[in-house]
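Notes for the one structure printed next.
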Amino acid sequence: MESWGENGGLPLVRGDEGHMQEGAGGADGDGRKQDIGDILQQIMTITDQSLDEAQARKHALNCHRMKPALFNVLCEIKEKTVLSIRGAQEEEPPDAQLMRLDNMLLAEGVSGPEKGGGSAAAAAAAAASGGAGADNSAEHSDYRAKLSQIRQIYHTELEKYEQACNEFTTHVMNLLREQSRTRPISPKEIERMVSIIHRKFSSIQMQLKQSTCEAVMILRSRFLDARRKRRNFNKQATEILNEYFYSHLSNPYPSEEAKEELAKKCSITVSQVSNWFGNKRIRYKKNIGKFQEEANMYAAKTAVNAANVSSHGSQANSPSTPNSAGEKIQLPDFCYPNPLVDQDLC
DNA sequence: CCTTATGATTCTTG
DNA sequence: CAAGAATCATAAGG
């Protein structure tokens, strides 16, 4: 490894060590060796000559019949040295960090297909529009607008980088190809150079992705903060929730499945359903009188619904909803523990 | 403005 | 851990 000379098949390298004189003076009868020695001598001393002289010599050498062979050998040597220097670190695996960034950008809808395509928000909005929806879309629009702004910046920047990278690559490639006429450059070397350029540019791209991710995160947190601000559920959602509440007044504790169902119907989250029922129960219990009207209304409503349904089937009456029929105040089971209420209303 | 309604949060409790 | 209870913060209506 330390001495290329030992390497078989590379007689030129020995000459490279500098002892031309021996080779030339030896005159062993091998004309070709002499020839090569001459050439090398000319090359080695070219810098000592005057400019004109050197130019002429260069031209002569360039046209020499041995030039391609010499270049080939030099290329080979270069190849080997370069490989030995950093052959190991070649081909790093796809960066985990980069993949994470890519995934996030994709998930966030920044790098995905066109606007409104794959983003979770869009999907949620679409799902909502099936049920009640259209309420949070106003809230989303701001978020969506800013997101698409980020997206646009991201894409134009990315494109710019891409273009610059391509331009630079072709430029370097042309340069190297051009230079390969005057100095030994193997195609592999060009390839390597290209990959180096690509690496540099992709690291810039990564920075872009990183900062885009940060921007999205910031936007997201601000959006979530905005969502912290209380927004009333839309009419239909409260309708559905109230319907359930008053038709299960004796036991207004929806099961997990029921909550999920309600959440889906109202396009809110399960925990929002839980919150709603928590609030509703306590507030109902605290002041039943205030809710009487509402209770009667929903009772009538569910009764109508039941009637409509039973007109299809043959359900006479459902014991779970024996309500209404006037203004009788019923005290649900779940209110009993409070004696005050009992006293107040019974 | 002030009041009320209402969704969310926090703490307590069983 | 879920329900209850108190409380907070904002929306909505007068």
Side-chain angles (χ1 to χ4, degrees), chain A residues 119-147 216-302 305 320-321 323-324 327 329-346:
Chain A
S119 91
S129 70
D135 173 48
N136 42 12
S137 71
E139 191 180 332
H140 279 178
S141 70
D142 196 41
Y143 174 76
R144 211 102 52 89
K146 290 204 170 121
L147 189 66
V216 170
M217 292 296 253
I218 290 167
L219 178 65
R220 216 149 190 272
S221 73
R222 224 181 309 169
F223 172 66
L224 287 178
D225 276 357
R227 230 173 35 165
R228 259 173 85 89
K229 288 209 227 157
R230 198 176 62 69
R231 311 239 71 185
N232 289 351
F233 299 151
N234 62 46
K235 210 135 195 203
Q236 207 172 339
T238 33
E239 199 111 322
I240 291 165
L241 292 166
N242 274 315
E243 244 168 69
Y244 188 98
F245 180 80
Y246 287 111
S247 64
H248 298 75
L249 202 48
S250 58
N251 186 34
Y253 299 87
S255 65
E256 200 56 36
E257 296 92 66
K259 280 186 197 168
E260 277 166 28
E261 172 99 20
L262 287 166
K264 201 153 68 167
K265 274 203 254 183
C266 304
S267 52
I268 58 179
T269 68
V270 171
S271 68
Q272 281 178 305
V273 173
S274 298
N275 284 340
W276 191 90
F277 274 90
N279 284 321
K280 191 72 183 180
R281 280 191 302 261
I282 197 101
R283 283 162 186 168
Y284 180 86
K285 186 157 78 170
K286 233 160 61 184
N287 190 353
I288 291 181
K290 199 172 69 185
F291 287 91
Q292 262 319 296
E293 207 181 328
E294 191 177 77
N296 289 335
M297 194 193 108
Y298 280 104
K301 193 169 174 148
T302 50
N305 281 349
S320 64
T321 57
N323 33 43
S324 124
E327 46 208 61
I329 293 169
Q330 59 169 320
L331 189 60
D333 299 347
F334 83 99
C335 304
Y336 271 138
N338 190 342
L340 243 177
V341 173
D342 276 355
Q343 220 174 358
D344 250 18
L345 290 147
C346 297

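Letters go in sequence order (proteins before strands), and every chain restarts at 1. Because only heavy atoms are used, hydrogens play no part in the values below, and waters and symmetry mates are left out as well, while side chains stay in.
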* **Check: dA5(B) base within 3.5 Å donor-acceptor of N232(A) side chain** => no
ask   = Is any N or O donor-acceptor pair between the side chain of R283(A) and the base of dG4(C) shorter than 3.5 Å?
value = no
Between [X] and [Y] (side chain of the first, backbone of the second, donor and acceptor by atom type, cut-off under 3.5 Å), is there such a pair?
{"X": "S267(A)", "Y": "K264(A)", "value": "no"}
{"X": "T238(A)", "Y": "N234(A)", "value": "yes"}
{"X": "Q272(A)", "Y": "T269(A)", "value": "yes"}

message = Given dT9(B), dG7(B), dG4(C), identify the nucleotide with an atom nearest to the side chain of R281(A).
response =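 From the listed options, dG4(C) comes nearest.
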On the nucleotide [N], are OP1 or OP2 found under 4.0 Å from the side-chain N or O atoms that [X] carries?
{"X": "N275(A)", "N": "dA8(B)", "value": "yes"}
{"X": "K280(A)", "N": "dT6(B)", "value": "no"}
{"X": "Y253(A)", "N": "dG4(C)", "value": "yes"}
{"X": "Q272(A)", "N": "dG7(B)", "value": "no"}
{"X": "K259(A)", "N": "dA3(C)", "value": "yes"}
{"X": "K285(A)", "N": "dA5(C)", "value": "yes"}

* Contact check, side chains of F245(A) and R281(A), non-hydrogen atoms, under 4.5 Å ->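 F245(A) vs R281(A): side chains touch.
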Whole-Å distance separating the [atom1] atom of [X] from the [atom2] atom of [N]:
{"X": "F233(A)", "N": "dT6(B)", "atom1": "CZ", "atom2": "C1'", "result": "9 Å"}
{"X": "R230(A)", "N": "dT7(C)", "atom1": "CZ", "atom2": "P", "result": "18 Å"}
{"X": "I282(A)", "N": "dC11(B)", "atom1": "CD1", "atom2": "C1'", "result": "13 Å"}
{"X": "Y284(A)", "N": "dG7(B)", "atom1": "OH", "atom2": "P", "result": "18 Å"}
{"X": "R231(A)", "N": "dA9(C)", "atom1": "CZ", "atom2": "P", "result": "18 Å"}
{"X": "N287(A)", "N": "dT4(B)", "atom1": "CG", "atom2": "P", "result": "12 Å"}

Legend entry - Salt bridge E260(A)-K265(A), side-chain N to carboxylate O under 4.0 Å: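 A salt bridge is absent here (no side-chain N lies under 4.0 Å from a carboxylate O).
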